Amino acid sequence: MVNKILKLMQSAEYKPLNKSELARALEITSRQRGEMRDALRQLENEGKVIYGRKGRFSLRAKTAGRLVGEMHFLKKGGAFFFPDPNDAENLEAGLDLTKYKKVFVPSRHTSTALNGDRVAVQLSQQAPPRWKKDGKKPKGSSGRSGKKDSKDETIGKVVAIIKRKSNTLIGQYMKKGKFSYVQPEDALLPPSMDVSDSKDAQSGQVVVVELEKWDNAWDTPMCKVLEVVGWPEDPGVDILSVVHKYRLHQEFSEEILAEAKRVHTEGVSEKEIARRDDWRQRLVITIDPFDAKDFDDAISVEKLDDGWRLAVHIADVSHYVKPDSLLDREALLRGNSTYLVDRVLPMLPEVLCNDICSLKPEVDRLTKCAIIDISSSGELKKWSLCDAVIHSKKRYAYEEAQEVLERKPVGACEEMVHEAWKMASVLRKRRFAHGSLDLDFPEVKVILDENYIPIRVDKLRHDPSHKLIEECMLAANEVVAVALKRSRTNSVYRIHEMPDFDRLNEFAELAKAHGFHPGDLSNKKHVQQLIEEIKDHPSEQAIKIGLLKSLKRAAYSTDGLGHYGLGKEDYCHFTSPIRRYADLVVHRGVQNLLVNRPDKPARLPKAKVLLEHAEHISDTERNSAAAESETKKMKLMEYLWRILTGDNDVEFDGVITECRRNGAFVEVVEICEKGMVKIEDFPRGNWQFEDGMHRYVASGNRKITLGQTVKMKLVAVDVARKQIDLRITKYD
C-alpha cells in the first residue's frame, strides 16, 4: 500500500488529493481503507508525505534553503525552530547546520504550526531592528531599519506541517447562545477554537478536544470534544488536566491487567529458584523514600582486607515481563513511571510493581545482581553478574538510615549501613577526582491533604543515606555498561554528551556577573573548580541552574558515548526496571553475560529497533519530567496563594539572582522558587539601575545586587501563569 501511494504521488500528473480522492484514484475497496490510512500515517511519520490544506496529501518536496525540524513557541510571540541534524533532507541541503541550529520564526510566519510540531521552514534574511544595533529602540518607529547589510539576520517561515506533536488538547468549553468554543489552557496555542461536537459538555467545564481542521493561520481552528474532565474547581481536576495535556496513560486495559494477574498468580517455580544464586540467608537490605512502594534495589556490603565487596540486587522484572507481551508493549509505550505531585502513573500494573517485583522485606524475591569488588581507594577492580533470589532482612526509609549513621550501630544491619557509607564515601571522592560534577540541588515536596489542597512545603534533604545508595547504583550501572560494551551486545546506554562550549562561555558570563572567576570552562577541571568555589554561597543554586542550562540533556542511545556529568566513559541504566523501560532492555541484554545464564535468554531486538526504542523513551522521559514539574509548580502556586490571601503574614528569605531595568529576580530559599521584585516594591528610595554592574543603587550607599540576601513578602501570585511577585522588606 505504501508503494502504491508513493507511485501515484510521484507521477507527473498527480495533484494533492484528500483521503476519499486517494481511495478512488487507487481503486481502494472499503475493506482496504484502514490499510490506506495506516500507510498514510506511516508516510507522514517518516516525513515523506505532507498533510496540507483542505486535508490533501502530497510528497514532501526538496527546496533550497529549507530545513525540517521542531517548533518551540515563545510566550512573547514568535517561535524558535530547531532543525533536526539527522533528517535526510537537512543533510542533503548543503547548509551548515551548526550555523542554523536555532532559527527565529516571527509570529506572522508560523502558519498553523503548534508547539512541538515537526515542520518544514524556509530560511530567509532580514535586516535587524535598529535597537539591536545601538541598544535603543527609536521612538515612533517600528524598530525596523529597512536596510540590509552584512549583519542581516536569518529568520524562518513555516511552509509545511510535517507531523503534529499531538492533535489532542486541553481547554475550557464555553457556550454563548448558539456559539460554542474552547479556550485552550496552553497560552502558546490559539486563544480559541470552534467546536463541531460538544459531547454534552457544559459551559465552563474542562475538556479534552481533538484538532479537526486548521488550514489557514487567519481562520479559527475547528475541534471536537473527546472527553469531559470536570469543573475547574472540583478536587483533582487540575491534575487530571495535566495528565491529559501531556497525554499520560492512567488506566491499564482489562487485557493487560489480566496478563499481569496471571503472571502474579503463576509466581516462581522451584526449578527457577534452584538455578539462581541463593542469597536468602545473607544480609540484604533496602533504603528508599519513606512513602515508596516499588522497591527496585537492595544492597549487601562486605568488608574485605583491601576494600569491600558490594552486591547490588535489582528487581528481576525481565523474568515476569517477556518481550513483545502485552505488558512489554504497554511498558514501552509509557516508557517510564510518572510521579505527579499527588499520584503515581506506573509503567507496570500494581500487582507487579508494588508486589511481586518489589523487593519488600521478609519475602523471597528474584533479582539481577551485580557483585563488585572495590579497592580501599574506590577502584572497581572486578565484577560478575548473576541471577539471584533474596530475602531482604530490613527495609529502611532514608530518614531511618540517616539516624543509624548519626549514632553508634546496633546489630548486623546497622553495622552494614555504617560500612556501606564508608565505602560510598570513598567511591564518591574518587568519582569527583575523575571528573564527575557535583550538581546536587535542594528540592521541595508539596504536601497535599485528602482534598488535594496544598498544606505545606517540605524541603528534601540529600544527606549521606541518599548518597550511600546513589554511589552503589552508579557503580552497578557502570560495570553493567562496561560488560555490555565489551561483549558487543546490542543495548541502550545512558549518555550525556560533551557540552556546546559556546553555551558554556555564555554561562561563564553569568558566573562573572556574580563575582566568580570561572576560567576556561572547556577544561572540565575549571568547571569543577567553579562548582567547588560556589558551594554554600547564596548564589549557588542560581549559578548551578545556569550551568545545567548550558549543558546538553542526558538521553538514551544505542551508542555508549559516555556521561559527561558523571565523568564516566561507560554508563547505562540498570537499577530501576520497575519504573524505567531502559533498565528492562538492559536486563534482557545482560542475560547472556550472567554466570548462571538461563537456558533460553531473552531475544534481543535488532539494532534499528533498539534505536527507535531509545529515541522513544528519551521522549517519554522528557514528557514525564515536564508533567511532574508542572503539577508540582501548580500546587506550589496554590499554596502561596493561600498564604497571600490568608491571615498569616509570612516573610521569606531570598537571594538576588538577576537585576534588570524593570526590577530584580530573587530565589526564594525555603521553596526553591524564583520570583520578581518590581522597582515599586523595592525599599523606599530613588533607585537607579547600573546595567554594567548588574545592580541598583540609591542614596546612602544602598545597593541591591547579585548574590545579596534579602527578606521578602508576597505581593501577588498569578496561579495561571505560575509566577509570583515579591516585596523586599529587609536587606543587607
Side-chain angles (χ1 to χ4, degrees), residues 75-76 129 131-137 139 439 441-442 502-521 526-527 529-550 640 650-718 721-732:
K75 291 181 180 179
K76 295 181 179 179
W131 64 269
K132 281 197 174 182
K133 298 176 182 178
D134 58 19
K136 296 180 180 179
K137 192 170 183 177
K139 294 181 179 179
L439 293 175
F441 282 92
D502 288 340
R503 295 195 66 183
L504 272 182
N505 289 332
E506 291 174 11
F507 159 71
E509 295 304 313
L510 170 68
K512 289 176 184 176
H514 281 266
F516 295 97
H517 302 88
D520 178 12
L521 296 185
H526 289 194
V527 179
Q529 288 168 4
L530 176 61
I531 293 173
E532 187 63 32
E533 190 180 350
I534 64 176
K535 256 183 189 172
D536 300 323
H537 188 277
S539 298
E540 178 181 5
Q541 183 162 340
I543 296 174
K544 277 188 174 180
I545 289 173
L547 175 57
L548 270 185
K549 288 180 178 179
S550 71
L640 294 173
V650 179
E651 194 170 54
F652 296 98
D653 292 319
V655 179
I656 305 294
T657 59
E658 187 178 356
C659 288
R660 295 184 181 179
R661 290 188 179 278
N662 59 338
F665 282 102
V666 292
E667 185 75 26
V668 186
V669 176
E670 295 98 315
I671 58 174
C672 301
E673 181 63 32
K674 190 162 80 169
M676 177 75 175
V677 180
K678 296 176 181 176
I679 297 176
E680 56 264 35
D681 293 316
F682 280 19
R684 284 189 179 185
N686 184 25
W687 293 94
Q688 301 295 318
F689 180 54
E690 294 186 348
D691 195 354
M693 301 296 290
H694 304 282
R695 69 183 185 185
Y696 279 87
V697 296
S699 58
N701 198 29
R702 293 182 295 162
K703 291 180 290 187
I704 290 177
T705 187
L706 297 185
Q708 187 176 4
T709 57
V710 295
K711 296 282 188 182
M712 304 166 299
K713 290 183 179 179
L714 284 166
V715 172
V717 178
D718 189 331
R721 298 177 67 184
K722 301 179 180 65
Q723 295 175 349
I724 58 174
D725 290 343
L726 300 127
R727 171 171 56 90
I728 295 177
T729 55
K730 297 176 186 175
Y731 64 106
D732 298 330

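All values reported here derive from a predicted model rather than from experimental measurement.
- Not counting sequence neighbours, the partners of Arg503 by the side chain to side chain contact (heavy atoms under 4.5 Å, CB included) test are Asp500, Ser550.
- Under the 4.5 Å side-chain criterion, counting only non-hydrogen atoms from C-beta, Pro518 is in contact with Lys512.
- Note: Gln529 CD to Leu521 CG = 10.0 Å, rounded to the nearest 0.5 Å.
- His694 contributes no side-chain N or O that, together with a main-chain N or O of Cys659, makes up a donor-acceptor pair within less than 3.5 Å.
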| field | Trace of the side-chain contact (heavy atoms from CB on, under 4.5 Å) decision for Glu509 with Asn505 | value | CA-CA 7 Å; Glu509 295 304 313; Asn505 289 332; over 6 Å; no

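- Going from atom CD of Glu651 over to atom CZ of Arg727 covers 9.0 Å, rounded to the nearest 0.5 Å.
- Of all heavy-atom pairs spanning Lys713 and Val650, the tightest one is CG-O, 3.5 Å.
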| Step-by-step side-chain contact (heavy atoms from CB on, under 4.5 Å) determination, Asp691 to Arg661 | CA-CA 8 Å; Asp691 195 354; Arg661 290 188 179 278; 4.0 Å; yes

| How far apart are the C-alpha atoms of Val669 and Gln541, what are their side-chain angles, what is the distance that settles it, and do they pass the side-chain contact (heavy atoms from CB on, under 4.5 Å) test? | CA-CA 9 Å; Val669 176; Gln541 183 162 340; over 6 Å; no

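- Residue Val710 comes nearest to Tyr731 through the heavy atom pair CG1-CB, 3.7 Å, listed as atom of the first residue, atom of the second, then distance.
- For the pair Leu439 and Ile531, the minimum side-chain heavy-atom distance is below 4.5 Å.
- For the atom pair Lys75 NZ and Arg721 CZ, the distance stands at 7.0 Å (nearest 0.5 Å).
- Classification of the Phe689-Tyr696 ring pair by plane angle, with boundaries at 30° and 60°, yields tilted.
- Here the shortest heavy-atom pairing between Met712 and Thr729 reads N-OG1, 3.7 Å.
- The distance from the CG atom of Leu548 to the CZ atom of Phe507 is 9.0 Å, given to the nearest 0.5 Å.
- Counting only heavy atoms from C-beta outward, the side chains of Leu504 and Leu547 approach each other to under 4.5 Å.
- Checked by atom type, the side-chain pair Gln688/Asn686 shows a donor-acceptor distance below 3.5 Å.
- With rounding to the nearest 0.5 angstrom, the CD1 atom of Ile534 is 5.0 Å from the CD1 atom of Ile543.
- Summarising the geometry, atom CZ belonging to Arg695 is positioned 10.5 Å from atom CD belonging to Gln708; distances are rounded to the nearest 0.5 Å.
- Annotation: side chain of Leu714 is in contact with side chain of Phe652 (closest heavy-atom distance under 4.5 Å).
- With Glu667 contributing its side chain and Ser539 its backbone, the two residues share no donor-acceptor pair below 3.5 Å.
- No more than 12 heavy atoms of other residues, nucleotides or ligands lie within 6.0 Å of NZ in Lys678, so this atom counts as exposed by the packing criterion.
- Residues Asp681 and Leu726 come closest through the heavy atom pair CB-O, 3.5 Å.
- Within the structure, the ring-ring contact (aromatic ring centres under 6.0 Å, His included) test picks out no pair touching residues 654-676 (sequence neighbours left out).
- Here Trp687 and Phe682 bring their ring centres to under 6.0 angstrom of each other.
- In this structure, Ile728 and Val666 have side chains that are not in contact, with every pair of non-hydrogen atoms separated by 4.5 Å or more.
- Considering every non-hydrogen atom in both Thr657 and Ala542, the closest pair reads CG2-CB, 3.5 Å.
- Scanning both residues, His514 and Ile656, for their nearest heavy atoms gives CE1-O, 4.2 Å.
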Contacts under 3.5 angstrom, residues 697-707 side chains, donor-acceptor by atom type, not counting sequence neighbours:
| from | atom 1 | to | atom 2 | distance (Å) |
| --- | --- | --- | --- | --- |
| Arg702 | NE | Ser699 | O | 3.0 |
| Arg702 | NH1 | Arg684 | O | 2.7 |
| Arg702 | NH2 | Arg684 | O | 3.2 |

